[in-house]
Amino acid sequence: MSDEVRGTTRAGAGPLLLGVRHHGPGSARAVRAALEAGLPRAVLIEGPPEADALVELAADEAMRPPVALLAHVVDEPGRSAFWPLAEFSPEWVAIRWAADAGVPVRFMDLPAAHSLAQQETEDAAAGEPGEPGAAGDAGAVRIDPLAVLAETAGYDDPERWWEDVVEHRGGGEDVFAPFEALGEAMAALREEYGTGGHDRDLVREAYMRIQVRAAQREFGADDVAVVCGAWHVPALRRKTTVAADRALLKGLPKAKVDMTWVPWTHRRLSRASGYGAGIASPGWYGHLFSAPDRPVERWLTKVARLLRDEDRLVSSAHVIEAVRLADTLAAMRGRPLPGLTETTDAIRAVMCEGSDVPLSLVHDKLVVGDVLGEVPDSAPAVPLQRDLTRLQRKLRLKPEAAERELELDLRKETDAGRSRLLHRLRLLGIGWGEPAASRGSTGTFRETWRLRWQPELSVRVAEAGVWGTTVVAAATARAESDAIGAGALADVTALAERCLLAELPDALPVVMRVLADRAALDADVGHLAQALPALVRSLRYGDVRGTDTAALGEVAVGLAERVFVGLPPACAGLDQDAALGMRGHVDAVHQAVGLLGDLGTGSGGSAGKAGSAGASSGGAAARAGAAGSVGAGMRDRWYSVLRVLGERDSVAGVVRGRCVRILLDGGELAEGEAARFMGLALSRGTEPAEAAAWIEGFVGGGSGGGMLLVHDERLLGLVDDWLSGVSDAAFTDVLPLLRRAFSAYEPGVRRTLGELVRRGPAAGGASSAVTGGIPGFGTELDAERADAVLPVLGLLLGVGVEGGADSGSGARAGVGARASDGRGDGNELVGVGR
């Protein structure tokens, strides 16, 4: 093909070398213009040759960039590499042009089979800055060609230099001139810096030259276009022999690899390491590439629309003024057109009123963006990926790049299926969703998830494919393997909880067998205490998920009994750190025992479910009663253990204080007994540090101890008297403990305590305030204040109740009748109180 046919002149004969900046919109436009002018018969693109069989998918209407070529070792999917392509990537533009023109496309870089064989970690697949998928040299000092050219031109920012010389450059008559100029610049850099720290490029470039020669023989010396990083152009122009190039490739390691297309995101393109492509502003670049004209005006209009959606007052006048300011800044700075820097400064000054808070939103949503590409179903995928895609469509759970919150009601079939899928994926290490705190409900029928699909999750899916061909089969196999290989008893109980959440009945027998074996052999009370809460929490999920948890209940009761027996001796002779850890174990076991008692155990839990579903009332009631007696007996056993711990001097002070506090909150201490325990703990014979630890256990942390001291001046007086008698030397030692205990209180509670201490004991003595009633409260019921809640209570129960002092007794009678008639079960008032 002659130069006249090409419509312009280019230096020398041979292949049309189009050196580009990867993911540069200016390069993409220039490549399209050069291809339209040169009309080559074949296009070679920098990339792994294994992708030749996949290039035709780029013409599929379902393929929407950003996407990436994913290559991974067949036997080790975690060893992988990505070659991302955006709409504004020159390589993508070349592929699309060739598809429309009917011209064959081939990839000419070093095969992924060789590069992945030498890759020790996934991150080793990062090549020259901004280059996708090139394997680099660990620890090598590498130069950034664009940074060197920008510094030579007097710029301190390579992005700004690239915008000025490429992105803002108008189209000239010679479409090949930019490539010739950039090639000459890179030749000078290669002459100065050699490989610039990219030593593996010598091997890659040798393979590229072999591929270019083969294409020239097939299509003609002048009819081949090569799209590659500008850094490689001087090497492709260099005259070398085939033997020399083959010598560089001799002995390269090789691995068996698979390759496919996967969706990518703008956010991943913006990352300079890992799987990113080093582009600072992919959203801005995408706008420059797609805007037909007036890019600054169109960009600022997008910004205004975004800020309006966030309820900020931005008018058309703001847009006009921002455009004028951006143009003025560009002129003052000697730039041909406003770039991202000028538009950002204009947005901050005009639309954001000088604030960086809304500006950060603009950067996140527009400059970077949350665009997620799409790949057609015909793209190769492991069976697990196909099953996951099927489930996503069935459950209407589409992957999205932007983080979103998903509320699930597990009483609904679709939401329950979504919950099962997300829990199973978490078991497989595919972190598409992370559980979050539910708003407005703490019941087991509601879940909240935060979802965000990250491109590397495609690698996690490929890795998980070794466990099975479907999500449920893979999750089951992974759970069984994790149970057998678990290092601690708590890990097994946590796994049992996750199996229930993921609804993996086939995995539970294996997990339960391992759990029973580990529990029988583990004599460490700390391990048992850590394992019990997760196991008891698992019992909660049987009601809403319809899972039989009888076996879990039996194991939980056995663990609880072993904790009861082993806890007293385990709490003796502990140092400070171990005592704090044991206090945490006591709290966890207390919560678990309370929940275990509420749920019942064994068949009782199942009977409760059957009764609520409409089973025979007699049998269900009998079994529920048995379960309730088991729960009550377990609570009594637990409280007796706590009393033993609270009375033993050999037990660490922080543990004794916590046990006494639990007994007090549970109503297990007679009037004045808590003060007796405190008086003994704060007596003159007790070491100050041990007494301070007791106080920390009794009133410290988030246990509500501040309000207890506010309302019981007798306890506050004991603490005050003890602290006043501590010597100066001992006070220095106990101060950190006291600060840790009281620092968790609300500011209002601390202020009230300070006022009470400053005021001193109440008139008549501290004990007068509590004589004949609950500490800190009056001796008689205030009927008028109690009746004030009756109207709201009546609305909750569906009973017409009128408040007021005159109708108080009648209203109370009406509410009581509603709670005990045939429509209620006698427990509704308790439920409302909770």
Side-chain angles (χ1 to χ4, degrees), residues 525-526 529 566-590 639-665 668-669 672-706 708-710 712-745 749-750 753-754 756-757 760-761 766-767 775:
V525 174
L567 196 57
C571 291
L574 300 178
D575 60 17
Q576 183 178 357
D577 293 337
L580 289 175
M582 190 59 70
R583 182 188 67 173
H585 294 332
V586 169
D587 285 337
V589 172
H590 177 64
Y639 283 131
S640 66
V641 172
L642 292 176
R643 183 175 286 275
V644 170
L645 292 174
E647 293 175 345
R648 285 190 179 180
D649 293 338
S650 60
V651 175
V654 68
V655 177
R656 283 189 290 126
R658 186 62 189 145
C659 292
V660 172
R661 177 58 191 279
I662 293 175
L663 291 170
L664 176 63
D665 291 344
E668 296 296 315
L669 295 182
E673 202 169 0
R676 181 180 68 83
F677 274 110
M678 180 176 283
L680 293 174
L682 304 184
S683 62
R684 296 290 182 182
T686 306
E687 290 292 332
E690 186 70 9
W694 194 97
I695 293 175
E696 181 183 8
F698 187 75
V699 299
S703 61
L708 178 65
L709 295 179
V710 167
D712 193 335
E713 294 191 19
R714 177 171 47 187
L715 297 181
L716 179 62
L718 289 172
V719 176
D720 187 30
D721 291 342
W722 168 78
L723 190 58
S724 300
V726 173
S727 65
D728 293 344
F731 181 79
T732 304
D733 295 333
V734 302
L735 183 59
L737 298 177
L738 296 177
R739 286 180 61 88
R740 184 168 59 192
F742 290 94
S743 62
Y745 293 169
V749 173
R750 293 202 299 268
L753 288 175
L756 290 174
V757 172
S767 61

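Given the structure is predicted, the values throughout are model-derived calculations rather than measurements.
With contacts defined as side-chain heavy-atom distances shorter than 4.5 Å, the pair Asp665/Arg661 qualifies. Side-chain contact between Glu647 and Phe677: present, with at least one pair of heavy atoms (C-beta onward) separated by less than 4.5 Å. Considering only heavy atoms from C-beta on, Leu669 comes within 4.5 Å of Arg643 through its side chain. In this structure, the side chains of Val644 and Leu567 stay at 4.5 Å or more apart for every pair of heavy atoms. Put simply, the side chain of Ile662 reaches to within 4.5 Å of the side chain of Asp587, judged on heavy atoms. Counting heavy atoms from C-beta outward, Val654 and Arg658 have side chains that stay 4.5 Å or more apart.
One distance of note links CZ of Arg648 with SG of Cys571; it measures 9.5 Å at 0.5 Å rounding. One finds the OG atom of Ser640 at 9.5 Å from the CG atom of Leu663 (value rounded to the nearest 0.5 Å). To the nearest 0.5 Å, atom CD of residue Glu668 and atom SG of residue Cys659 are 13.0 Å apart.
In this structure, the side chain to side chain donor-acceptor pair (under 3.5 Å) partners of His590, at least two apart in sequence or on a different chain, are Trp638.
Of all heavy-atom pairs spanning Val655 and Ala579, the tightest one is CG2-O, 3.7 Å.
Distance alone, capped at 3.5 Å, places no donor-acceptor pair between the Arg583 side chain and the Ala578 backbone.
Around the CD atom of Glu687, the shell of radius 6.0 Å holds no more than 12 heavy atoms that belong to other residues, nucleotides or ligands.
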